[in-house]
Number of protein chains: 2
Amino acid sequence: MARQRSQSVTLTDVARRAGVSVATASKALNARDEVAPETRRRVLQAADELSFQPNVLARGLISGRTRTIGLLTDELAGRFSIPILLGVENALGSEQMSVLLCDARGDAIRRRHYIRTLLARQVDGFIILGDSNDVRPSLTGDIPVPVVYVYGESDDPNDLSLLADDADGARLATEHLVSLGRRNIAHITGPENYRAARDRVASLRDVLDGAGLSLIGGEPLYGEWSQRWGRHAARMLLSSYPEIDAIFCGNDQIATGVANTLRDLGRRIPDDVSIVGYDNWHEFAADCQPPLTTVDLNLQQLGETAVKHLFAALDGQPSSGVIRQPCRLVVRDSTGPA
Amino acid sequence: MARQRSQSVTLTDVARRAGVSVATASKALNARDEVAPETRRRVLQAADELSFQPNVLARGLISGRTRTIGLLTDELAGRFSIPILLGVENALGSEQMSVLLCDARGDAIRRRHYIRTLLARQVDGFIILGDSNDVRPSLTGDIPVPVVYVYGESDDPNDLSLLADDADGARLATEHLVSLGRRNIAHITGPENYRAARDRVASLRDVLDGAGLSLIGGEPLYGEWSQRWGRHAARMLLSSYPEIDAIFCGNDQIATGVANTLRDLGRRIPDDVSIVGYDNWHEFAADCQPPLTTVDLNLQQLGETAVKHLFAALDGQPSSGVIRQPCRLVVRDSTGPA
DNA sequence: CTGAAAGCGCTTACAG
DNA sequence: CTGAAAGCGCTTACAG
């Protein structure tokens, strides 16, 4: 590895080789029209021969735009950052923008530190990823460039927050079960202190009400986002309410645990009990036995949308408020007609 | 969001407020010793009052060092990039370096494109993440700054490649099973065209040979990295070789599938059959029924090590060749004495 | 100890 | 159409 940084080729080198001034070389390379065709040809050729790559730092110093955005995540290791990050990266790439990545790991100190760092690096804007749909303090006050909040809502309504639409996702799941003729529907989900969990419960209730149904047990089973909890909850539920014919689960891990326990108990899926998961985490949902019908949050698209809004803001067209992006139901074998 | 970029405060502003020249202000802020204490105090105060943040671009233009490294991944969505990325980010953060992230998505064109982009942004060095342990063409020829390859080996021995030690991982797993008194050990793993899969098989065989044992069925079962394959393979294996008392699996998903099928078949884990997974993917391994003994690749540490080597190279102390980092056995409930 | 000057690599009015 | 000059924000010899 490691040859030392070969002093890279500079515009001066290109100009010299083409026999013009740096000013002219610059204009030729930037396709400004005040350059003679023949001159431009010579400059382009020289640049090509030298593999000239303009120094983006110098350019940024002049223009004040670095074509770089800061991506501040809260928990990269979590489930949701990566797809969003991919969407962001994708959308930025096609615009020749790059992303400086920082993971604050849920630490407020580190978050401020990274904001300063990224500002010192003159990023043109920020995308701030949350790790849950919960509301969090705005950071925009410290940031003199456009900011978009994604997957975590800022508490300042003047900020723009882009969220997955939990009510929509729960509605899709519940309507699907109801339309299949399921009448005895239970809900096993994560901790009650997650807003996403509560929002989905509210939406689930709305749909059931509308269909003249009520939730089995009257209340959802709040617990953890794990298979283990799914197994445990399924066992409890089935022993108290053997008439259950559908379980809507708060994520695919819970759903996987539920599915395994139902099999252990001799219940057929979906014939006896339909199961719907949430998240469409491929390794769990598609590889479950049977594969899970689940709600996809369209996270990658969420990232792309964030970039779109950020660009708009950079062009002087900022938005604000909360935008909730619809979910998508992915139907697999774990649900079927009653 | 989106106040337009407020023209940020510059060293000139600080100098003016402190009543000194920019040269002196610069020296004061950079703790060079040729500044009178009182002058320094005034400058620091002015900087503080103005929330001055030096423009890293300008600094980089002078020093030729941007304190930025380019992280080129091949498949960010895959399992292995994230922990490594976290390790890198962690190690860089403590050195005030930032990371520009690009995901080539396994596309060679995109990879070259990103290399050019990152070079134009004057990164001080590269970390190139592979998505499997397989050997791949070196990219160093195009890169005039230090490069470290991680989790994917460069075909140029002059490059430095940092890999997880598959032979070590398989050895740990197999020795563990043998030491528990298991004698009829089978192996279910992923596709044979993965070098990692083949390397582990070789190591597994070595350990079995040394213990006077041979692999059940004579050959490992190569297949996919999925639960589904684990289920299918377990069923086949158990019907042909009911004497099996241990199964070493190529990853935690396969192991999960195996565990579920063993339960369906009425085999007790670990009493009748011990299971070892691979990867220590927490959501699968720790949440399996029972929790899986598995091999941890220490990926985060791999990322940290990569940064260490990159810094050494930046300091003119490059290394080369292949370094394999040891794995770690995580013992949970899926293995026990025979 | 302080500051004027040169320069990092580039772009952009402005003369010619 | 071309090039000399100024300047982006900063640092660093070099005089004083």
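Values below: every heavy atom of this structure, side chains too, minus hydrogens, waters and symmetry copies. To find a chain, count down the sequence lines: A is the first, B the second, and so on, and within it residues start at 1.
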**Message:** List the residues meeting side-chain hydrogen bond (donor to acceptor under 3.5 Å, both in side chains) with A:Arg59, not counting sequence neighbours, and say none if there are none.
**Reply:** A:Asn30

Output a table of nitrogen or oxygen pairs between the protein and nucleotides 12-14 of chain C separated by less than 3.5 Å.
| residue | atom | partner | partner atom | Å |
| --- | --- | --- | --- | --- |
| C:dT12 | OP2 | A:Arg32 | NE | 3.4 |

**Message:** According to salt bridge (Lys or Arg N to Asp or Glu O under 4.0 Å), who are the partners of A:Arg116, at least two apart in sequence or on a separate chain?
**Reply:** none

**Asked** Which residues pass the ring pair (Phe, Tyr, Trp, His ring centres under 6.0 Å) test with A:Phe126, sequence neighbours left out?
**Response** none

**Item:** Base-paired stems in DNA chain D, each at least three Watson-Crick or G-U pairs under 3.5 Å
**Value:** C:1-3 with D:14-16, C:5-12 with D:5-12, C:14-16 with D:1-3

**Request:** Not counting sequence neighbours, which residues clear side-chain hydrogen bond (donor to acceptor under 3.5 Å, both in side chains) with A:Asp74? List them please.
**Result:** A:Arg111, A:Arg136

**Request:** Could you check which residues of residues 48-59 of chain B get a heavy atom under 4.0 Å from DNA chain C? Sort them by number, please.
**Result:** none

**Item:** Residue pairs fulfilling salt bridge (charged side-chain N to carboxylate O under 4.0 Å, His left out) with at least one residue in residues 90-109 of chain B, sequence neighbours excluded
**Value:** A:Glu89-B:Arg105, B:Asp103-B:Arg105

**Request:** Only counting residues at least two apart or in another chain, list the ones meeting ring pair (Phe, Tyr, Trp, His ring centres under 6.0 Å) with A:Tyr194.
**Result:** A:Trp225

**Request:** Can you sort out the partners of A:Gln96 under side-chain hydrogen bond (donor to acceptor under 3.5 Å, both in side chains), two or more places apart, ordered by chain and number?
**Result:** none

**Asked** What residues form a side-chain hydrogen bond (donor to acceptor under 3.5 Å, both in side chains) with A:Gln300, not counting sequence neighbours?
**Response** none

**Message:** Taking side-chain contact (heavy atoms from CB on, under 4.5 Å) as the definition, give me every residue that meets it alongside B:Val322, ordered by chain and number, with sequence neighbours left out.
**Reply:** B:Glu153, B:Ser161, B:Leu163, B:Arg324

